[in-house]
*Asks:* 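Quick one: the structure is below, questions incoming.
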Amino acid sequence: MRGDRRVVIVPCSGIGKSYGTVSREAAYAVTQDLRPADSQLVPLALLVLGDEAARAAVAANPAVTIDGCKLACATKMVKESGGTVAQEVAVLDVYRRHKQFKPQGIAELNEGGQRLAHAVAEEISAKVDELREQSGGTADA
Ligand code: SF4
């Protein structure tokens, strides 16, 4: 990404559901550990509240959304906020490819959930790399 341009990662809020927790954990893994220079977390709650900085980040950067179920709250909200969804990641689709990682727990995920979150984060990191290459380089930060 050039300058401040980063891929925005928007996880669904999924409160009370293991798949929603996986969504958030995956977003933290990408933005804090795997691709901190090239990605930025935008919480869904801020978009729902109409937070100006969150809306501006989504309007200016490609977004990867992570949804815990078919309602796809993160994807819908990014689109409603005027953003461009570069990739929609459905936790359930990733789970279908990694059925050995069954997530359980909400406040604290079991090991299967943590591994599933890592698998989701790896897929997103690959997409971040692809978007970064398309836009011509790594972050200056
Ligand atoms: S996408 Fe599904 S799990 Fe995520 S916040 Fe919406 S309803 Fe909840």
Side-chain angles (χ1 to χ4, degrees), residues 1-139 141:
M1 301 285 132
R2 288 204 174 100
D4 290 336
R5 211 165 139 74
R6 294 175 171 195
V7 179
V8 161
I9 312 293
V10 186
C12 81
S13 49
I15 307 291
K17 295 185 186 178
S18 294
Y19 288 99
T21 305
V22 169
S23 166
R24 285 198 307 283
E25 290 294 325
Y28 292 140
V30 173
T31 56
Q32 293 176 3
D33 300 329
L34 298 174
R35 297 294 184 277
D38 293 320
S39 64
Q40 173 189 351
L41 179 80
V42 172
L44 180 62
L46 289 185
L47 285 179
V48 171
L49 290 170
D51 178 86
E52 287 204 7
R55 288 178 67 95
V58 158
N61 299 286
V64 174
T65 55
I66 317 172
D67 282 307
C69 78
K70 279 191 287 189
L71 291 179
C73 297
T75 301
K76 282 183 194 157
M77 199 63 224
V78 167
K79 289 178 179 168
E80 279 174 27
S81 302
T84 305
V85 178
Q87 177 141 331
E88 306 177 24
V89 177
V91 175
L92 275 169
D93 286 347
V94 181
Y95 173 61
R96 285 191 191 103
R97 293 195 285 280
H98 300 275
K99 285 236 165 139
Q100 70 276 32
F101 302 152
K102 180 156 181 54
Q104 284 178 328
I106 295 165
E108 207 167 315
L109 285 172
N110 66 344
E111 190 182 340
Q114 289 171 13
R115 289 185 175 215
L116 183 61
H118 189 73
V120 172
E122 290 286 354
E123 290 193 13
I124 293 171
S125 295
K127 186 65 185 178
V128 169
D129 292 346
E130 188 188 315
L131 291 165
R132 184 190 63 191
E133 276 167 26
Q134 283 170 9
S135 73
T138 54

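If you read the sequence from its start, that first residue is 1, and numbering goes on from there. Each ligand, and each atom within it, is numbered from 1 in the order the structure gives.
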*Asks:* Check this for me: does any side-chain nitrogen of one of Asp129 and Arg35 sit under 4.0 Å from a carboxylate oxygen of the other?
*Replies:* yes
*Asks:* Taking CD in Gln100 as the centre, count heavy atoms belonging to other residues, nucleotides or ligands within less than 6.0 Å. Is the count above 12?
*Replies:* yes
*Asks:* Using 2.8 Å as the cut-off, note every protein N, O or S atom close to atom 4 (Fe) of ligand 1.
*Replies:* Cys12 SG
*Asks:* Does some side-chain heavy atom of Arg24 sit less than 4.5 Å from a side-chain heavy atom of Ile15?
*Replies:* yes
*Asks:* Does the pair Lys127 and Glu123 meet the rule for a salt bridge (Lys or Arg N to Asp or Glu O under 4.0 Å), with working shown?
*Replies:* CA-CA 7 Å; Lys127 186 65 185 178; Glu123 290 193 13; over 6 Å; no
*Asks:* Side chains of Glu122 and His118: donor-acceptor distance under 3.5 Å anywhere?
*Replies:* yes
*Asks:* If you measure from NZ on Lys99 to CG on Leu116, what distance do you get to the nearest 0.5 Å?
*Replies:* 12.0 Å
